[in-house]
Amino acid sequence: MDLSKNYIPASAEDKWYSHWLSKNYFTSRPDSRPAYTITIPPPNVTGVLHMGHTLNETVQDILIRKARMSGFNACWAPGSDHASIATEAKVVGMLKEKGIEKRDISRQEFLKYAFEWKEKYGNIIYSQIAKLGCSVDWNRTTFTMDEHYYRAVIKVFVDLHNKGLIYRGARMINWDPAAKTALSDEEVEHKDVTGKLYYVKYKIAATNNDAQSAVYNQDHIVIATQRPETIMGDTAVCANPDDERYRLLKGKSVLIPLIDKAVPVIFDEYVDKDFGTGILKITPAHDINDYNIGLKHNLPVVDTLNEDGTMSAAAQIYIGEDRFAVRKKIVEELRQKGLLVKEEEYTTRIGYSQRTNVVVEPKISTQWFLQMKKMSQPALGAVMSGHVSIHPGDKFTATYKYWLENVKDWCISRQLWWGHQIPAWYDEEGNVYVGETKEEAFEKYKIQNVKSKIENLQQDEDVLDTWFSAWLWPIEIFNGITSPGNDDVNYYYPTSVLVTGQDIIFFWVARMIMAGMEYMHEKPFSDVYFTGMVRDKQGRKMSKQLGNSPDLLELINQYGADAVRFGIMISSPAGNDLLFDEGSLEQGKHFNNKLWNALKLLKMWEEKIKLNGQQPIGKTETINSDFAITWFQNRLNEVRIEVDKLMKEFRLSEALKTIYSLIWDDYCSWFLEWIKPEYGRSVDQTIYDFAIDFFEDTLQLLHPYMPFITEEIYHLLREREDDLVVKQFRPVAAPVETVLQHGNMLKEIITAIRDVRNKNNIKPKDAIKLFIETQNPSLYRPLQQILMKQVNAEFIKFNTPAGNTALTIVVEKEKIFIEANIEIDVSAQKDKLLKDLDYLKGFLNSVDRKLSNDKFVRNAKPEVIELERKKKSDAEEKISMIEQSLQQ
RNA sequence: GGGAGCAUAGCUCAGUUGGUUUAGAGCAUCUGCCUUACAAGCAGAGGGUCCGCGGUUCGAACCCGUGUGCUCCCACCA
């Protein structure tokens with residue numbers, strides 16, 4: 001077999017992914033095995049996979065592949081989200097390029113364009129998921145606007161409305177002037193911004209000729225505001241009733257600057273006497289606090305802004321101009337008219353739309369809301385009782401609890417077309433009828449209006465918040481809402497684990513648990529695994545503006561999918577942010593190559609066996625290979641147990657490190673070297689078979705992380721029908737401690753001798769002679785040959801005096817003398833021994849201090865004391881050995 | 001303003017109810033090697049005030065208090 005010098009990922013990746021698909025390995029149907037289910041967090045249909053997705057999908061694929069190889073019926077259901085605001089914005093932009101304005105076309109026409117657009121771009125994300133090697137069940141691909149899914153959303157809306165949990169009303173909501181829609185509280189991101197506080201003069205209206213002299217002989221008051229462009233919406237000014245300065249203004253009015261409109265002075269405890277000037281302008285249409293005060297004092301609401309953030313007719317001035325441009329103009333005008341007292345720098349938090357990144361306007365608007373209090377209780381209980389466990393728990397459980405305990409009603413209507421249209425119909429008088437269909441709504445309408453026609457009803461124009469459909473994901477992906485109790489949902493629900501970013505804990509995770517408890521009376525998943533945010537090397541968020549977000553397909557081209565997966569997993573502790581560094585992908589590529597070279601070595605051995613036939617080997621050689629085999633077998637068992645434990649705890653990065661070291665260090669650097677035949681000789685067939693078996697076992701362990709190369713090598717090792725992707729893990733035996741200990745001792749001795757060789761410039765080709773002083777020479781019988789080969793010794797003699805020129809090293813309790821054919825510098829070795837001696841004496845001292853402490857001996861557990869005594873005697877023994885050799 | 005988390009080698013992180021811990025790993029660094037699988041490699045090595053201070057304890061990287069610095073979440077003071 002001719003193997004390329006290095007591993008070439010591209011061809012292997014395409015070959016194996018289509019092979020797996022053709023064998024339907026990723027297809028899952030209910031059967032007698034236990035289910036292991038993951039529903040993918042549906043990426044936006046408009047998007048491409050970014051590094052955050054890559055981390056997420058890789059984690060899921062690792063978990064699902066591990067489960068598939070461990071006796072579970074693994075089902076990973078993929079899909080995508082219609083992402084109403086984001087997609088609608090893209091479609092609007094696309095139409096604009098064609099010269100079409102959204103307002104000039106009908107809803108039907110718009111949706112036609114939108115679906116065309118979705119067909120064109122919606123599959124990009126799927127091909128990227130495939131490229132990464134994700135073992136999703138493509139037969140289960142679900143889109144949140146699929147026919148059944150659409151029906152499910154409508155059904156849930158009607159059901160919650162019937163239960164009295166959904167209502168319609170005018171409330172203060174967050175308005176996005178760019179998308180021209182209402183948002184939920186969660187869709188608003190608050191950022192610290194340095195703004196200005198403007199101190200503006202309001203003239204006191206001269207009602208009874210006494211006002212001017214009454215207030216400190218002034219004809220005005222001064223009010224601080226951040227938003228001078230909203231003064232035209234003021235309907236009062238307000239001071240604290242206890243504030244002496246403003247007491248005399250009771251019953252008076254002031255004039256709004258620039259438009260000279262008189263508004264009353266009112267008093268309310270809410271106002272902080274010490275902030276600003278202690279008097280506040282009340283603008284009920286554009287501030288939640290002002291709105292509440294307005295309600296309390298029966299103030300009118302004057303909305304001075306249009307939907308797009310320009311000034312409305314109610315503002316009287318600057319009509320049609322943008323709010324921020326108007327702010328500047330008004331400040332300038334105030335200044336010119338002498339109404340601006342001063343400006344102050346001021347830091348405040350401003351709400352931005354998560355989607356469009358524009359400043360959100362608080363606005364009074366009639367919208368649909370979902371009452372959250374009742375639904376939040378079971379969702380809270382599910383997590384608090386540990387029924388759903390969050391990883392890493394300590395970090396997020398408290399956040400989750402706080403949010404649910406303080407949750408406010410959810411504004412679920414959006415002024416968009418792309419999405420699930422609200423199933424509510426209005427008659428001519430504006431009465432509303434909710435039903436799954438127009439006919440159903442009409443039935444309700446008919447009760448009071450017997451003679452009416454169905455044509456009189458008009459459907460609500462708005463659609464539902466994207467998250468109002470996403471929260472049904474783990475249920476409706478298995479048709480659990482539209483076809484309750486079907487075989488799939490019975491079998492797959494609740495799902496096993498949800499893997500997602502911590503940034504959508506409220507948007508999605510909490511709400512899925514609510515929906516699960518409401519509609520399935522059962523949690524949607526048992527575990528939630530939060531991945532951190534992917535940042536660049538300098539810890540900055542990845543963003544288009546910074547240009548620090550790499551293109552996934554390019555990375556796969558450059559390093560291969562396995563290396564990308566390796567690189568992103570090797571340094572991603574659960575819940576912590578991941579500092580993305582291409583260096584780790586490089587490491588992944590090197591690892592690929594390491595595996596490839598191990599394969600090449602084994603193949604060379606195979607060729608040689610074919611060429612030379614079986615060769616008889618010596619007894620010692622057999623014994624020594626036996627040791628290598630027994631040792632690696634036990635080491636493998638040890639690692640398998642360790643990896644299982646780590647993966648159960650979602651410590652995937654550590655599990656990968658453990659496997660990496662097993663393969664690179666234990667298998668390649670130690671095991672293969674130990675069984676490597678002398679130059680020109682071929683390896684024994686039995687030993688060779690073991691080497692292949694072990695390689696397969698390690699590949700199997702690695703497969704969930706690096707599926708392509710492991711499958712490729714698995715097939716190159718032996719002619720076979722089966723595939724690694726579905727190979728079931730064998731039960732693992734407990735490792736034998738003494739075997740592992742002997743292995744470690746052997747490795748330590750080899751390393752120590754190599755160190756001596758290195759430090760004394762003994763060339764690899766120069767053989768050395770070993771004299772070992774030991775209490776247990778028989779221990780060496782199974783490893784003697786390995787030891788000689790690994791340090792290039794021509795012989796080993798036990799308990800035989802060495803010559804005067806020999807160097808001494810002490811490993812454990814073994815004293816090893818090294819003789820070389822060249823002059824060696826004994827003084828350097830002496831320094832090393834002195835250094836060891838120093839350390840040991842310090843160590844002994846600390847142990848002695850403990851043991852001579854009465855309280856320690858009285859209080860510590862007996863086994864701890866025993867341990868300390870052993871430390872003491874070991875250290876003493878070693879010290880005397882070193883001292884002895886220093887005297888020689 | 002409220003809450004949560006973090007601080008261990010140059011970097012990223014382990015360190016499991018306090019006791020083989022005068023602290024480990026990977027990457028990076030340094031030294032020597034083109035040794036017949038692998039220079040994308042091999043063999044070695046160096047590198048730490050466990051953030052500061054105080055306390056509990058026979059014993060602290062680990063528990064408690066406090067200070068400092070970072071990160072995140074939540075909140076309607078103009």
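Letters go in sequence order (proteins before strands), and every chain restarts at 1.
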Calculate the interatomic distance between [X] atom [atom1] and [N] atom [atom2]; express it in whole Å.
X      : N     : atom1 : atom2 : answer
A:E344 : B:A78 : CD    : P     : 13 Å
A:Q741 : B:U20 : CD    : C1'   : 13 Å
A:D503 : B:G5  : CG    : P     : 20 Å
A:I223 : B:A78 : CD1   : C1'   : 9 Å

Counter-base of [N], judged by Watson-Crick or G-U geometry with both distances under 3.5 Å:
N     : answer
B:A4  : B:U71
B:C77 : none
B:C63 : B:G55
B:U12 : B:A25
B:U31 : B:A43
B:A37 : none

**Message:** By nearest heavy atom, map A:E186 and A:L197 onto RNA chain B; which one lands nearer the 5' end?
**Reply:** A:E186
**Asked** Which residue, A:F506 or A:D874, contacts RNA chain B at a nucleotide closer to its 5' end, judged by nearest heavy atom?
**Response** A:D874
**Asked** If the sugar-phosphate is the primed atoms plus P, OP1 and OP2 and the base is the rest, what is the B/S/- string for nucleotides 32-43 of chain B, using protein heavy atoms under 4.0 Å?
**Response** ----BBB-BSSB
OP1 or OP2 of [N] under 4.0 Å from side-chain N/O of [X]:
X      : N     : result
A:Y660 : B:C27 : yes
A:R349 : B:A78 : no
A:Y346 : B:A78 : yes
A:Y839 : B:A23 : yes

**Request:** Under the side chain to side chain contact (heavy atoms under 4.5 Å, CB included) rule, what do A:K296 and A:N292 come out as? Steps first, then yes or no, please.
**Result:** CA-CA 6 Å; A:K296 198 166 150 191; A:N292 290 333; over 6 Å; no
**Parallel, tilted or perpendicular: ring planes of A:F591 versus A:W664, cut at 30 and 60 degrees** = parallel
**Message:** Ring-plane angle category for A:Y667 and A:F695, please: parallel below 30°, perpendicular beyond 60°, tilted otherwise.
**Reply:** parallel
Which one, [options], comes nearest to the side chain of [X]?
X      : options             : value
A:K835 : B:G46, B:A78, B:G19 : B:G46
A:K870 : B:A14, B:U71, B:U20 : B:U20
A:H190 : B:G19, B:U20, B:A75 : B:A75
A:F275 : B:U20, B:A78, B:C58 : B:A78

Distance check, [atom1] atoms only: [N] and [M], in whole angstrom units.
N     : M     : atom1 : answer
B:G10 : B:G48 : P     : 7 Å
B:U68 : B:C53 : P     : 15 Å
B:U35 : B:A14 : C1'   : 35 Å
B:U17 : B:C62 : C1'   : 11 Å
B:U56 : B:C63 : C1'   : 8 Å
B:G24 : B:G15 : C1'   : 7 Å
B:G5  : B:C42 : P     : 42 Å
B:A28 : B:U66 : C1'   : 37 Å

**Request:** Just do the side chain to side chain donor-acceptor pair (under 3.5 Å) check on A:Q226 and A:Y346 with the steps written out, would you?
**Result:** CA-CA 9 Å; A:Q226 289 181 65; A:Y346 185 69; 4.7 Å; no
**Prompt:** Going by atom types only, do A:D234 and A:Y202 share a side-chain donor-acceptor pair under 3.5 Å?
**Reply:** yes
Report which part of the nucleic acid [X] touches: base, sugar-phosphate, or nothing (heavy-atom distance under 4.0 Å, all strands).
X      : answer
A:V857 : nothing
A:Y402 : sugar-phosphate
A:T348 : sugar-phosphate
A:L280 : base
A:S846 : base

**Asked** So, for A:F694 and A:F671, is the gap between ring centers shorter than 6.0 Å?
**Response** yes
**Prompt:** Does A:R635 make a cation-pi contact with A:W670, if we ask for NZ or CZ under 6.0 Å from the ring centre and within 45° of the axis?
**Reply:** no
**Complete:** By side-chain contact (heavy atoms from CB on, under 4.5 Å), A:A875 pairs with (sequence neighbours left out) A:F843, A:L844
**Prompt:** What's the spacing between A:F506 CZ and A:W403 CH2 if we round to 0.5 Å?
**Reply:** 7.0 Å
**Asked** Do A:E876 and A:K872 meet the salt-bridge criterion of a basic N to acidic O distance under 4.0 Å?
**Response** yes
